[in-house]
Amino acid sequence: MAKSKTSYVCQNCGAVAPRWAGKCDSCNAWNSLVAEVAESGPPKSLGATKTRGAVLELAGLQSQGSKDIARATTGIGEFDRVTGGGLVAGCAILLGGDPGIGKSTLLLQVVCALAQKNMRCVYISCEEALYQVLLRAQRLDLASAPVALASATNVRDILSTIDQNPCDVLIIDSIQTMYADTVDSAPGTVTQVRTAAQELIRACKKSGTALFLVGHVTKDGQIAGPRVLEHMVDTVLYFEGDRGHQFRILRTVKNRFGPTDEIGVFEMGAMGLSPVANPSALFLSERNAHVTGSAVFAGLEGTRPLLVEVQALVAPAPYGAPRRAVVGWDTNRLAMILAVLESRCGLQFSGSEVYLNMAGGLKITEPAADLAVAAALISALTNKPVPHDMVFFGEVGLSGEVRPVAQPDARVKEAGKLGFAACALAATSKVTRHDSVDFHKLDHVDSLIEILRNGGVAQPPIAKAGKLA
Ligand code: TYD
Ligand code: MG
């Protein structure tokens with residue numbers, strides 16, 4: 001007979017402690033331990049029973065490999081790119097994002113697109129009433145799509161329904177509101193979320209149903225509750241963006257069936273989310289090219305080149321320690337670039353406040369943005385605009401040297417496509433000639449000062465890439 005035992009589970013990291021404590025030993029979060037009752041007792045299989053298990057049917061890898069793995073595409077290009085070229089039968093996808101960012105809207109559009117392609121789709125909404133989902137579908141002009149809707153929170157009910165009405169795609173919005181009656185904890189606790197997800201994933205893998213789980217995100221940007229959820233699923237997608245902007249970025253963090261770090265760009269409008277085929281043009285659309293402190297970074301998100309405007313502002317500090325504020329980039333990295341510009345190029349930022357912004361609400365993590373940031377900072381400090389038709393990419397080291405970064409060709413090609421005529425990059429970059437883009441190959445970050453002073457003409461005069469490379 002199984003005994004019930006109270007243990008304390010950290011709602012932040014999922015660690016289990018025998019006693020309550022103010023602080024979790026494992027992740028150091030305060031006040032995160034919550035009592036959860038778990039059935040304990042001898043495991044039902046293996047040790048407890050002495051009988052042998054069933055003999056598994058073993059199949060050869062080659063015979064499996066010869067099967068063509070079908071992928072279901074939605075026809076929403078930006079979404080299909082992020083999933084690695086469509087959904088695989090039996091895959092479990094976790095979609096995380098801040099509240100109100102558009103997760104439900106995205107999945108409703110995806111599920112309707114799949115339903116139009118004759119896939120049997122079930123959308124279980126636990127957070128919204130059915131008429132609210134219907135209202136949204138009507139607003140998005142999707143009400144005619146043959147999607148089965150239900151509002152439920154009990155995993156057992158959902159699984160029996162799916163058992164009787166098999167489907168190809170199942171959407172659970174959201175996993176935090178799911179309740180598995182096999183465990184006693186309250187909905188939303190780590191044990192509940194984990195158990196509910198486990199049961200749903202197991203059932204969907206067995207039946208070959210593609211499963212989407214919506215997960216909320218905590219203040220520090222992780223999917224709420226246990227990170228363990230990320231280990232259980234095949235693909236983790238984050239839907240991010242600034243609610244003040246209309247752009248939304250769908251990012252792959254983990255993908256067992258495709259590349260990671262891939263992004264899809266959407267625009268939220270009155271008719272829901274629309275895919276943005278040319279995000280660089282969108283991110284640069286508001287740019288005023290002749291303003292000081294603005295430089296264009298030729299970035300790379302996954303396999304996709306993306307041009308982003310980096311904006312810097314240097315203002316006199318009225319009192320005390322000057323402020324340094326960053327939106328969309330790493331604060332430590334800004335401090336490093338400022339230190340390099342001060343000690344290696346003799347520029348003075350110490351008495352000024354410095355603000356840095358990646359326009360459009362994009363978050364950049366690549367060190368390749370260093371050169372563009374340095375250009376924007378120098379431009380803001382010296383009050384000289386950066387040449388309007390120039391893009392920048394390159395990592396800046398502590399001695400001020402400019403280092404090459406991955407895939408320069410893809411970046412240059414994107415810049416050329418958008419009408420940029422010049423590109424500043426590391427001298428050691430292995431880049432092939434481009435017809436319409438001139439290269440400014442830089443050894444040291446202080447060459448930027450010269451480029452700005454000469455309005456885009458570096459000394460010695462600009463050399464075509466073909467001659468330099
Ligand atoms: P929602 O999908 O409900 O977000 P989540 O499920 O991530 O919490 O999105 C809600 C937001 O999207 C809300 O602020 C309104 C906005 N929105 C639009 O701007 N246009 C639309 O067509 C729709 C459906 C929503
Ligand atoms: Mg929602």
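Everything numeric in this text was worked out from a predicted model, so none of it was measured. We count ligands from 1, going down the list as the structure has it; atoms in each ligand are counted the same way. Atom set for the values below is all heavy atoms of this structure, side chains included, hydrogens, waters and symmetry mates excluded.
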With the criterion set at N/O pairs under 3.5 Å, what does the list of contacts between the protein and ligand 1 look like, atom names and distances included?
unit_1: ligand 1; atom_1: 2 (O); unit_2: S104; atom_2: N; d: 3.2
unit_1: ligand 1; atom_1: 2 (O); unit_2: T105; atom_2: N; d: 2.8
unit_1: ligand 1; atom_1: 2 (O); unit_2: T105; atom_2: OG1; d: 2.6
unit_1: ligand 1; atom_1: 2 (O); unit_2: R136; atom_2: NH1; d: 3.0
unit_1: ligand 1; atom_1: 3 (O); unit_2: R136; atom_2: NH1; d: 3.2
unit_1: ligand 1; atom_1: 3 (O); unit_2: R136; atom_2: NH2; d: 3.3
unit_1: ligand 1; atom_1: 4 (O); unit_2: G102; atom_2: N; d: 3.1
unit_1: ligand 1; atom_1: 6 (O); unit_2: S104; atom_2: N; d: 3.0
unit_1: ligand 1; atom_1: 6 (O); unit_2: S104; atom_2: OG; d: 2.6
unit_1: ligand 1; atom_1: 7 (O); unit_2: I101; atom_2: N; d: 3.4
unit_1: ligand 1; atom_1: 7 (O); unit_2: G102; atom_2: N; d: 3.1
unit_1: ligand 1; atom_1: 7 (O); unit_2: K103; atom_2: N; d: 2.8
unit_1: ligand 1; atom_1: 7 (O); unit_2: K103; atom_2: NZ; d: 2.9
unit_1: ligand 1; atom_1: 8 (O); unit_2: G100; atom_2: N; d: 2.7
unit_1: ligand 1; atom_1: 20 (N); unit_2: R139; atom_2: NH2; d: 3.3
unit_1: ligand 1; atom_1: 20 (N); unit_2: G269; atom_2: O; d: 2.8
unit_1: ligand 1; atom_1: 22 (O); unit_2: R139; atom_2: NH2; d: 2.9
unit_1: ligand 1; atom_1: 22 (O); unit_2: G269; atom_2: O; d: 3.4
unit_1: ligand 1; atom_1: 22 (O); unit_2: A270; atom_2: O; d: 3.2
unit_1: ligand 1; atom_1: 22 (O); unit_2: G272; atom_2: N; d: 2.9

### Summary
From the list L250, N255, V253, side chain to side chain contact (heavy atoms under 4.5 Å, CB included) partner of L237 resolves to L250
## Note on the structure
Applying side-chain contact (heavy atoms from CB on, under 4.5 Å) to S379 and not counting sequence neighbours gives T292, V386, L452
### Task
From the options L213, T209, L159, T161, select the one residue that forms a side chain to side chain contact (heavy atoms under 4.5 Å, CB included) with L170.
T209
#### Entry: Pair listing, side-chain hydrogen bond (donor to acceptor under 3.5 Å, both in side chains) test, anchored in residues 270-290, at least two apart
S280-E414
### Task
Determine how many protein N/O/S atoms sit closer than 2.8 Å to the Mg ion (ligand 2), leaving waters out since they are not shown.
1
### Query
Under 3.5 Å, is there a donor-acceptor pair linking the side chains of E199 and T182?
yes
### Message
Tell me whether T177 contacts the main-chain N or O of E127 through its side chain, where contact means a donor paired with an acceptor under 3.5 Å.
### Response
no
### Task
Using a strict 4.0 Å threshold on nitrogen-to-oxygen distance, state whether E78 and R248 make a salt bridge.
no
### Query
Do side-chain atoms of Q192 reach the backbone of A180 as a donor and acceptor pair under 3.5 angstrom?
yes
### Query
Is the closest side-chain donor-acceptor distance between R136 and T105 under 3.5 Å?
yes
